[in-house]
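Have a look at the structure below, then the notes.
Each chain gets a letter, A, B and so on, in the order the sequences are listed, and its residues count up from 1. None of these values were measured; they are calculated from a predicted model.
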Number of protein chains: 2
Amino acid sequence: MSQAILVEETLRSMGKLCIEHDPDVFRSVLDRIGDKWSLLVIGILEAGPRRFTELLRATPGVSRKMLTTTLRALERDGLITRTIYPEVPPRVEYAMTELGRTLSGPVLVLATWTADNQEAILANRDGFDAGLQPESPA
Amino acid sequence: MSQAILVEETLRSMGKLCIEHDPDVFRSVLDRIGDKWSLLVIGILEAGPRRFTELLRATPGVSRKMLTTTLRALERDGLITRTIYPEVPPRVEYAMTELGRTLSGPVLVLATWTADNQEAILANRDGFDAGLQPESPA
DNA sequence: CAGCATCCGCTATGATACTG
DNA sequence: CAGTATCATAGCGGATGCTG
């Protein structure tokens, strides 16, 4: 029962977390992991360091430019490192930082929720969309 | 120790979750909670049902249009409900669904992580930005 | 009160080509 | 190999005004 109260109490604090606690910073973090490629990159780097081209191939659809942009943003936030090896074909390796690894837990929780509920969400979307234009077929 | 192995095992699965498990659906959910206003709205509705104008006032900076768009998207995914009361000033109430409430947990985990680590992230950004243009002042 | 319609600028994303 | 530079585009987000 104290468990239930704890959860209740914690959830009640979400309003404070979301609103009073600087929504901009909050969103900037969500923007980072919520953009088109970051989460994929994090998912890949979670398994170990990777080179630029490896990431390029492992992330279907991404362009060089967007991969660069994504990696820079993650590096800027201290979530990954970028290590240049001065060799004669250049080699650059990206790897998760400690901070990045601590993010994996929360992201995984969200990923699991998404996997568990994507059917329900998709069904809701279909239902919602179906109830909108039942007049055009005539 | 089996705990550590379990975590390890779980994290290893993130790659699969992120990549093999339909990245588009994944991103569409992240887009939903990652856009500019959804998380704020969810945070507010977590505390109980609210009317349109209440949400408008409780979400500083949002326009009517974006609030409407946000609410529709959340409704479409089945995360909130929209109830119209046919009264003579119209009244519309938004409330979390069961599905929406199950999302609160994962979001809270992420929110807590953000709150706990925003200082580190901000510091990393400052450091990164400082190390980029040390040649222009000259 | 609770929207919808319209216009409009900005940024994110992407295609393509070039460089150290 | 690992990027950068340039150009083009689409959609988000916002300002404003109208409606049931």
Separation of B:Leu56 CG from B:Arg64 CZ (nearest 0.5 Å): 6.0 Å
Roughly how many Å is it from [atom1] in [X] to [atom2] in [N], rounded to a whole number?
| X | N | atom1 | atom2 | value |
| --- | --- | --- | --- | --- |
| B:Lys36 | C:dT11 | NZ | P | 11 Å |
| B:Ile84 | C:dA2 | CD1 | P | 11 Å |
| B:Arg82 | C:dC1 | CZ | C1' | 12 Å |
| A:Asp35 | C:dT11 | CG | P | 16 Å |
| B:Met66 | C:dA5 | CE | P | 16 Å |
| B:Leu71 | C:dG3 | CG | P | 7 Å |
| B:Arg57 | C:dC1 | CZ | P | 8 Å |
| A:Leu56 | C:dG14 | CG | P | 12 Å |

Which nucleotide span of DNA chain D, 5' end to 3' end, has atoms closer than 4.0 Å to non-hydrogen atoms of chain A? D:dC1 to D:dC7
If the condition is side chain to side chain donor-acceptor pair (under 3.5 Å), which residues does [X] pass it with, not counting sequence neighbours?
| X | result |
| --- | --- |
| A:Asn124 | none |
| A:Thr97 | none |
| A:Trp113 | A:Asn117, B:Thr102 |

Within the structure shown, what part of the strands sits under 4.0 Å from A:Tyr85 by heavy-atom distance: base, sugar-phosphate, or nothing?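 No contact.
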Could you give the side-chain donor-acceptor pairs of residues 73-82 of chain B under 3.5 Å, partners two or more places apart or in another chain?
| unit_1 | atom_1 | unit_2 | atom_2 | d |
| --- | --- | --- | --- | --- |
| B:Arg76 | NH1 | A:Asp129 | OD1 | 2.9 |
| B:Arg76 | NH1 | A:Asp129 | OD2 | 2.5 |
| B:Asp77 | OD1 | A:Arg125 | NE | 2.6 |
| B:Asp77 | OD1 | A:Arg125 | NH2 | 3.4 |
| B:Asp77 | OD2 | A:Arg125 | NH2 | 3.0 |
| B:Asp77 | OD2 | B:Arg32 | NE | 3.1 |
| B:Thr81 | OG1 | B:Ala95 | O | 3.4 |
| B:Arg82 | NE | B:Tyr94 | OH | 3.3 |

Looking at residues at least two apart in the chain, or sitting in another chain, which of them share a salt bridge (Lys or Arg N to Asp or Glu O under 4.0 Å) with B:Glu119?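 Counting only residues at least two positions away or on another chain, B:Glu119 forms no salt bridge (Lys or Arg N to Asp or Glu O under 4.0 Å).
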Any side-chain heavy atom of B:Leu55 within less than 4.5 Å of one from B:Leu71? yes
Evaluate the side-chain proximity of B:Thr83 to B:Val92: yes if any heavy-atom separation is below 4.5 Å, no if none is. no
If Ile, Leu, Val, Met, Phe, Trp and Tyr residues are connected whenever their side-chain heavy atoms lie under 4.5 Å apart, and connections chain through other members, are A:Val109 and B:Leu39 in the same group? no
Please list, for nucleotides 15-20 of chain C, all pairs of protein and nucleotide N/O atoms separated by less than 3.5 Å.
none

At 10 degrees resolution, what angle do the end axes of the helix from C:dC1-D:dG20 to C:dG20-D:dC1 form when each is taken over five base pairs? 50°
Residues two or more places apart in sequence or in another chain: which of them pass side chain to side chain contact (heavy atoms under 4.5 Å, CB included) with A:Thr69? A:Lys65, A:Met66
Suppose we screen for side chain to side chain contact (heavy atoms under 4.5 Å, CB included). Which residues come up paired with A:Arg91, at least two apart in sequence or across chains? A:Arg51, A:Tyr85, A:Glu87, A:Glu93
